[in-house]
Novice: 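I'd like to ask some things about the structure below.
Chain letters run A, B, ... following the sequence lines, proteins first and then strands; every chain starts at 1.
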Amino acid sequence: MYWADSVVSNLTGDQLVSTGISPSGPIHVGNMREIITGDILYKASLDRGLKSRFIYLCDDLDPLRKVYPFLDSSYAKYVGVPLSYIPSPDGNGKYSDYFLKPFLETLQKINVNVEVISTTGLYKTGKLADAIDTAIKNRETIRKIMHEIAGYDLDESWYPYEPRCSKCGKINSSHVISYEYPYVHYKCEYCGNEGTSDIRTDDGKMPWRVEWPAKWYSLGVTIEPFGKDHAAAGGSYDTGKEIARQVFHINPPVPLMYERILLKGVGVMHSSTGISIPASEVVKFAPPEILRFLIAKNDPSRHIDFDPGLGLLNLIDDYEKIENAYFGLEKPNNENYKRIYEMSRIKILNAPEKINFRHIVNLIQIYKDDTSLLEALRRSGYNKEYIDQALRDEIETAKYWLDKYAPDNIKFSLSTKHIDLSEKEKTILSEFLNSVSGIEWTSENIHNVIYDIIGRNKIPPKDGFSLFYRVFIDRERGPRLGYFLANLDRNYVISRIKDLL
RNA sequence: GGGUCCGUAGCUCAGCUAGGUAGAGCGAUGGACUCUUAAUCCAUCGGUCAAGGGUUCAAAUCCCUUCGGACCCGCCA
């Protein structure tokens with residue numbers, strides 16, 4: 001059974017799938033596993049006929065942990081201050097929104113319709129006040145759970161609440177002196193300020209290990225995917241589920257641990273080390289369904305090696321295979337192909353997309369203007385009189401990929417360079433000109449003509465083919481020749497050869 | 001120290017939450033053919049399912065142990 005269907009197979013009643021990513025920096029491909037896994041679970045739950053919701057909790061009341069490499073040193077003063085209370089690196093609005101915005105735009109593109117909930121907002125509107133009150137009143141129980149399950153040694157003065165200092169703004173520097181609903185009295189160790197927090201607003205927050213089950217409780221979360229870092233023994237899921245049971249008296253959500261996405265040949269992605277690709281970047285160089293596909297087709301417990309270079313083309317081929325199989329045009333290569341396709345596709349189609357990505361990658365290297373590109377596309381089966389938005393997007397995507405991620409050996413450009421030819425080579429090209437004027441301009445015909453000429457002249461095929469590549473793209477190898485020339489205008493081909501003879 | 005995942009053909013992996021004849025793609029080999037940004041078609045070869053033990057009429061599949069690999073957690077989330 002498909003992994004997502006398996007997770008929801010025993011559930012009954014209303015479901016709430018919850019995900020969360022901190023907007024402390026650029027949200028990268030690795031983070032996308034959280035949200036897309038959540039989306040797939042949500043869809044699987046709906047497909048099972050369960051009334052379901054899907055939320056993304058944006059942890060924007062979390063403090064800035066440190067001055068990340070992508071921040072300038074002026075951010076030192078904001079370390080410890082919640083992300084929603086720090087100015088954006090570009091000077092407009094909040095820090096958290098700066099990183100959230102491109103992420104949300106990406107979600108649009110990959111058809112993830114999630115309710116975005118700001119954690120700051122949750123606190124501010126008092127939605128977590130009941131949970132905070134309960135947690136504080138049961139702080140002995142929580143302390144015990146933390147000790148027994150996680151090995152934490154929290155002293156008796158510990159409170160499951162971190163006040164936000166009203167003077168310096170830091171949320172991780174105060175200790176609680178006393179609590180009387182709804183007020184927490186604290187002293188800030190950083191600036192010495194003594195103050196009062198109202199738990200009915202965002203004057204402070206619960207520490208993560210308490211906040212997580214508090215969210216389950218306050219929102220009614222029933223399904224939650226999370227990274228393996230939370231899944232270790234004694235980790236936050238372990239303590240969270242006990243706090244859920246003993247303190248909040250609820251059942252913890254069905255967990256789904258997922259592995260990381262690694263960059264092929266590089267390793268784990270970290271915003272801090274610079275080896276990461278922002279999610280907003282991926283949808284610029286890959287069709288949007290491919291990002292979904294990457295995550296939908298792999299079992300969450302398996303890590304994913306993401307290769308934005310040549311591997312991307314193979315991934316796209318793989319997707320096209322599954323799409324074709326879905327429409328009965330090809331034999332499936334995966335027993336879950338139907339579900340994988342349904343979870344990956346961006347919109348429902350009646351037939352597979354016609355234009356192959358590799359094909360576009362080749363065509364845009366030949367045709368630099370829309371008119372000739374459109375002509376070439378129409379020759380290869382595209383049947384609109386204009387370049388529609390979907391095709392336009394695909395072209396832009398392919399261009400961007402070629403420019404930034406494609407390996408050199410698949411790049412080429414039409415050559416106008418003069419090259420010196422031997423007599424033998426001139427003979428071959430002349431014969432080609434003679435044969436080619438009368439044929440139908442198809443890849444097969446062209447290939448046959450060339451093959452015949454090469455054979456007749458008794459030269460090694462390799463040399464014969466590379467001659468044509470030298471003439472047209474100034475390289476020794478290239479795309480399949482018949483296919484390639486068929487995509488060029490016949491008159492162009494003829495005149496280019498004539499120029500050289 | 002603890003945890004998760006992985007180990008099945010030369011390679012990448014499927015099969016494992018219904019235990020019932022060991023699978024696919026690629027590669028290799030042979031053949032056809034038009035060397036082609038991973039050409040196409042046909043055929044063949046190829047596995048003690050990491051190892052050991054247990055449960056069972058029956059184990060790649062369930063349980064235990066060991067070995068090897070990757071990753072995660074250890075008071076940050």
Novice: In the structure shown, which nucleotide is the Watson-Crick or G-U wobble counterpart of B:U55, with both distances under 3.5 Å?
Specialist: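 Paired with no nucleotide.
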Novice: For the side chain of A:D62, starting at C-beta, report the closest nucleotide among B:U34, B:G3, B:A77.
Specialist: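 Selected nucleotide: B:A77.
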Novice: Using atom P of each nucleotide, how far apart are B:U61 and B:G53 to the nearest Å?
Specialist: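 B:U61 and B:G53 have their P atoms separated by 13 Å.
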Novice: Strictly by Watson-Crick or wobble contacts shorter than 3.5 Å, is anything paired with B:C67, and which nucleotide is it?
Specialist: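 Partner of B:C67: B:G7.
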Novice: Which whole number of Å gives the distance between the P atom of B:G30 and that of B:C71?
Specialist: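 These two P atoms come out 40 Å apart once rounded.
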Novice: Can you tell me the distance, in whole Å, between the CD atom of A:E224 and the C1' atom of B:A77?
Specialist: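 Distance check: A:E224 CD to B:A77 C1' gives 13 Å.
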Novice: Would you classify A:H303 as touching base, sugar-phosphate or nothing, given that sugar-phosphate means primed atoms plus P, OP1 and OP2, and contacts are heavy atoms under 4.0 Å?
Specialist: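 Contact class for A:H303: none.
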Novice: Please report the distance separating the P of B:C11 from the corresponding atom of B:A50, rounded so that it comes out in whole Å.
Specialist: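 13 Å, rounded to whole Å.
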Novice: Using atom CG of A:D299 as one end and atom C1' of B:U17 as the other, report the distance to the nearest whole Å.
Specialist: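 Nearest whole value for this atom pair: 12 Å.
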Novice: Need one value for A:S6: base, sugar-phosphate or nothing, where a base atom within 4.0 Å counts as base even if backbone is also close, heavy atoms only.
Specialist: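 Since a base atom lies under 4.0 Å of A:S6, the category is base.
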Novice: Just how far, in rounded Å, is P of B:C5 from NZ of A:K228?
Specialist: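 Between P of B:C5 and NZ of A:K228: 9 Å.
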Novice: Taking the C1' atom in each of B:G23 and B:U8, what is the distance between them to the nearest angstrom?
Specialist: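 B:G23 and B:U8 have their C1' atoms separated by 10 Å.
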Novice: Check every strand shown and say whether A:G234 touches a base, only sugar-phosphate, or nothing at a heavy-atom separation below 4.0 Å.
Specialist: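 Answer is nothing: A:G234 stays at 4.0 Å or more from every strand.
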Novice: So, A:Y237 and A:E224: side-chain donor and acceptor under 3.5 Å apart, yes or no?
Specialist: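 Judged by distance alone, the side chains do not pair up.
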Novice: Under a 3.5 Å cut-off for both contacts, is B:U12 paired Watson-Crick or G-U wobble with anything, and if yes, with which nucleotide?
Specialist: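 In the structure as shown, B:U12 has B:A24 as its Watson-Crick or wobble partner.
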Novice: Between A:E476 and A:Y469, do the side chains contain an N or O donor and an N or O acceptor separated by less than 3.5 Å?
Specialist: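 On atom types as modelled, these side chains do not qualify, holding no pair under 3.5 Å.
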Novice: With rounding to the closest Å, how many angstrom separate the C1' atoms on B:U21 and B:A60?
Specialist: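 One C1' to the other, the span is 14 Å.
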Novice: Of the candidate nucleotides B:U34, B:C75, B:A77, which contains the atom at the shortest distance from the side chain of A:N448?
Specialist: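 The nucleotide sitting nearest to the side chain is B:U34.
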Novice: Say you pick atom P in B:C73 and the same atom in B:U66; how far apart are they, in whole Å?
Specialist: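 These two P atoms come out 25 Å apart once rounded.
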Novice: When we call it a touch if two heavy atoms are under 4.0 Å apart, what does A:A232 touch: a base, just sugar-phosphate, or nothing?
Specialist: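 The residue A:A232 makes base contact.
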Novice: Aromatic rings A:W212 and A:W208: how do their planes relate, parallel, tilted or perpendicular, breaks at 30° and 60°?
Specialist: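 Answer is parallel, since the angle falls under 30°.
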Novice: For B:A43, which nucleotide in any strand shown is its Watson-Crick or wobble partner with both distances under 3.5 Å?
Specialist: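 Pairing partner: B:U29.
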Novice: Is the A:F70 to A:Y68 ring centre distance short of 6.0 Å?
Specialist: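 Yes; A:Y68 has its ring centre under 6.0 Å from that of A:F70.
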Novice: Rounded to whole angstrom, note down the C1' distance from B:G10 over to B:C5.
Specialist: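 To the nearest whole Å, 25 Å.
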Novice: For A:F484, answer base if it contacts any base atom (sugar-phosphate contacts may also be present), sugar-phosphate if it contacts only those atoms, and nothing otherwise; contact means non-hydrogen atoms under 4.0 Å.
Specialist: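 Contact class for A:F484: none.
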Novice: Whole angstroms only, please: what is the CZ-C1' distance between A:R302 and B:G69?
Specialist: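 Value for this atom pair: 13 Å.
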Novice: Taking for each residue the nucleotide of RNA chain B with the nearest heavy atom, is it A:S236 or A:P479 whose nucleotide lies nearer the 5' end?
Specialist: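 The residue mapped nearer the 5' terminus is A:P479.
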Novice: Mind telling me if B:A18 is syn or anti? Syn here is a glycosidic angle within 90° of 0.
Specialist: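 For B:A18, whose glycosidic angle is within 90° of 0, the conformation is syn.
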Novice: Between atom CG in A:L64 and atom C1' in B:A77, what is the gap in whole Å?
Specialist: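 After rounding, the gap between these two atoms is 13 Å.
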Novice: For A:T239 versus A:I149, what's the shortest heavy-atom pair and its separation?
Specialist: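 For A:T239 and A:I149, the tightest heavy-atom pair comes out as CG2-CG2, 3.8 Å.
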Novice: Round to a whole Å and report the spacing from CG of A:L313 to C1' of B:C26.
Specialist: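 Going from CG in A:L313 over to C1' in B:C26 covers 17 Å.
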Novice: Reckon A:S22 touches a base, only the sugar-phosphate, or nothing at all at heavy-atom distances under 4.0 Å?
Specialist: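 The answer is nothing, as A:S22 stays clear of every strand by at least 4.0 Å.
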Novice: Would a distance-only check, ignoring hydrogens and angles, find a side-chain to backbone donor-acceptor pair under 3.5 Å from A:D60 to A:T120?
Specialist: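 Pair found, side chain donor or acceptor close to backbone of A:T120.
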Novice: Are the charged groups of A:E140 and A:K144 less than 4.0 angstrom apart, N to O?
Specialist: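 Looking at A:K144 together with A:E140, the answer is no, because their closest N to O distance does not fall below 4.0 Å.
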Novice: Atom CZ of A:R260 and atom C1' of B:G3: how far apart are they, to the nearest Å?
Specialist: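 In whole Å, B:G3 C1' and A:R260 CZ are 14 Å from each other.
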Novice: Could you give the distance separating B:C42 and B:C26 at their P atoms, to the nearest angstrom?
Specialist: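 Looking at atom P only, B:C26 and B:C42 are 10 Å apart.
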Novice: If I take atom CD in residue A:E259 and atom P in nucleotide B:C5, what distance separates them, rounded to the nearest angstrom?
Specialist: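 Nearest whole value for this atom pair: 10 Å.
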Novice: Could you say whether A:W208 or A:Y469 is positioned toward the 5' end of RNA chain B, judged by the nucleotide with the nearest heavy atom to each?
Specialist: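 Whichever sits nearer the 5' end wins; that is A:Y469.
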Novice: Select base, sugar-phosphate, or nothing to describe what A:R209 touches, counting heavy atoms under 4.0 Å on all strands.
Specialist: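 It contacts nothing in the nucleic acid.
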